[in-house]
Amino acid sequence: MALMNENYLKLPGSYLFSEIARRINSFKKENPDADIIRLGIGDVTKPLPPAVVEAMKQAVDEMSRPETFRGYGPEQGYEFLSQRIIEHDFKPRGVELELDEVFISDGSKNDTANFQELFGLNNILAVTDPVYPVYVDSNVMAGRTGNFNDKGQFENIVYLPCTEENGMKPDLPRTEVDMIYLCYPNNPTGMTLSKEELKKWVDYARENRSIILFDAAYESYIREEGVPHSIFEIEGAREVAVEFRSFSKTAGFTGTRCAYTIVPRDVKVYDSKGESHSLNSLWLRRQTTKFNGVSYPVQAAAAAVFTPEGQKQVKELINYYMENASIIKNGLEKAGYKVFGGVNAPYIWLKTPDNMGSWEFFDQLMKKAHIVGTPGAGFGASGEGYFRLTAFGTRENTERAIERIKTRM
Ligand SMILES: *Cc1c(COP(=O)(O)O)cnc(C)c1O
């Protein structure tokens with residue numbers, strides 16, 4: 001008899017998006033002509049930049065000729081891509097990296113989910129609340145947590161509430177934690193941390209020999225000067241942090257799949273005797289065993305993001321989405337809403353009026369304005385009373401949505 005991994009039984013099921021779909025479908029049945037605008041999606045809508053498409057086509061042609069065909073590539077990715085990542089994304093910010101500290105992958109979702117397997121099951125993890133659910137669920141599956149309780153939280157996880165009281169920024173944990181997941185710019189709140197705020201976390205991790213798992217998937221959406229783009233801009237972070245980056249939101253790769261993870265050689269984890277081991281070596285061992293690399297045409301396409309034309313086109317994409325973000329943010333503020341994010345991230349996190357529950361607000365927004373967003377409660381207990389709108393829609397729909405909120409809500 002094949003026994004199951006019973007940790008999976010602790011998961012409450014993907015309630016959020018199935019519940020959203022259920023409510024939309026039943027609304028549509030009663031209102032077949034309603035023109036619904038979706039501002040709930042966390043996916044890009046614009047096509048790949050032309051420079052990327054051109055590079056991918058050329059790489060496919062190379063694969064068709066015996067002289068230039070490529071089979072298995074290096075599991076950690078091709079040097080031509082790692083080199084450009086280092087030169088372009090890190091060197092200009094004063095961060096020096098070696099080639100073997102960069103690991104190319106097919107996505108940050110999987111990297112953030114897989115990385116936990118390098119850690120012992122007795123580690124205590126800390127996550128912000130609200131949170132990107134992947135960090136939590138992957139640790140539940142591995143058996144690093146207790147059961148799901150009636151507060152809507154897992155036992156043995158330290159939740160760091162991000163609320164209006166602390167300006168949506170997590171306070172340091174009061175008890176010792178070993179693995180800390182931070183995502184900045186944040187999904188879902190759209191907030192960032194300053195260098196000083198991030199340094200508190202790096203200092204905490206150095207004092208407690210914890211590891212920070214830093215998700216920078218939205219780094220390219222940072223508009224303001226002085227906001228750190230990489231945790232490695234913070235002194236000492238090379239000893240205690242890993243950083244996840246992705247081409248998904250930066251260059252429209254959500255369906256193309258390419259990301260990378262930075263694991264500095266200086267990061268150490270400890271065995272039960274207290275002896276230190278290189279996290280970089282562990283991740284290399286893991287990837288070379290369980291992963292065979294990203295396809296050559298996709299890596300060639302990703303490298304084109306760093307050419308001058310690629311950079312220009314990617315900036316245009318991001319400007320387009322960030323223009324939507326400011327339309328949403330300004331429009332909501334004019335309509336009297338309290339709003340977070342939308343300045344350095346494609347997410348707008350609004351406080352529901354009159355302390356309305358986030359599902360109730362979902363229903364009202366759908367029924368009165370025919371707009372779909374994401375209830376904050378779906379991202380954690382502290383998300384109750386908040387609501388997420390995204391800037392990934394078309395300009396036309398974004399403008400129409402704000403007009404409807406002003407006139408119908
Ligand atoms: C979209 C997103 C990612 C990127 O995931 P990919 O697997 O690279 O597409 C990572 N982290 C967060 C928080 C995200 O929202």
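Just so it is clear, the structure is predicted and the values come from calculations on it, not from any experiment.
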Salt-bridge test for [X] and [Y]: reply yes if a basic N is under 4.0 Å from a carboxylate O, no otherwise.
{"X": "K169", "Y": "E197", "value": "yes"}
{"X": "K312", "Y": "E309", "value": "no"}
{"X": "E117", "Y": "K290", "value": "yes"}

Would you say [atom1] of [X] has more than 12 non-hydrogen atoms from neighbouring residues, nucleotides or ligands within 6.0 angstrom?
{"X": "K368", "atom1": "NZ", "answer": "yes"}
{"X": "N25", "atom1": "CG", "answer": "yes"}
{"X": "K200", "atom1": "NZ", "answer": "yes"}
{"X": "E164", "atom1": "CD", "answer": "yes"}
{"X": "N355", "atom1": "CG", "answer": "no"}
{"X": "F80", "atom1": "CZ", "answer": "yes"}
{"X": "E79", "atom1": "CD", "answer": "no"}
{"X": "K351", "atom1": "NZ", "answer": "yes"}

Donor-acceptor side-chain pairing of [X] and [Y] below 3.5 angstrom:
{"X": "R38", "Y": "N397", "answer": "no"}
{"X": "E155", "Y": "T145", "answer": "no"}
{"X": "T289", "Y": "R285", "answer": "yes"}
{"X": "S138", "Y": "Q116", "answer": "no"}

Anything under 30° is parallel, anything over 60° is perpendicular, the rest tilted; go ahead and classify [X] against [Y].
{"X": "F247", "Y": "F253", "result": "tilted"}
{"X": "F387", "Y": "F361", "result": "perpendicular"}
{"X": "F154", "Y": "F148", "result": "tilted"}
{"X": "Y347", "Y": "F392", "result": "perpendicular"}

Checklist outcome for this item: Between the OG1 atom in T398 and the CZ atom in R395, the distance rounded to the nearest 0.5 Å is 7.0 Å
Checklist outcome for this item: Result for salt bridge (Lys or Arg N to Asp or Glu O under 4.0 Å) between R245 and one of D111, D215, D89 points to D89
Item to check | Test applied, side-chain hydrogen bond (donor to acceptor under 3.5 Å, both in side chains); reference residue, N344; option that passes from H229, E224, E219 | outcome: E224
Measure from NZ or CZ of [X] to the centre of the six-membered ring of [Y], then state whether that distance is under 6.0 Å and the direction lies within 45° of the axis.
{"X": "R70", "Y": "Y78", "answer": "yes"}
{"X": "R238", "Y": "F232", "answer": "no"}
{"X": "R209", "Y": "Y270", "answer": "yes"}

Checklist entry - What's the verdict on salt bridge (charged side-chain N to carboxylate O under 4.0 Å, His left out) for R206 and E239, showing C-alpha distance, side-chain angles and the deciding distance? => result CA-CA 7 Å; R206 291 174 81 188; E239 296 163 26; 3.2 Å; yes
Next on the checklist: K199 vs E196, test: salt bridge (charged side-chain N to carboxylate O under 4.0 Å, His left out). Steps then yes/no.
Outcome noted: CA-CA 5 Å; K199 181 158 192 309; E196 293 69 34; over 6 Å; no
Item to check | Side chain to side chain, E233 and V95, heavy atoms closer than 4.5 Å | outcome: yes
Next on the checklist: Keeping D106 on the side-chain end and C258 on the backbone end, is there a donor-acceptor pair under 3.5 Å?
Outcome noted: no
Checklist entry - Counting distance only, does the side-chain N/O of Y221 pair as donor-acceptor with the main-chain N or O of K249 below 3.5 Å? => result yes
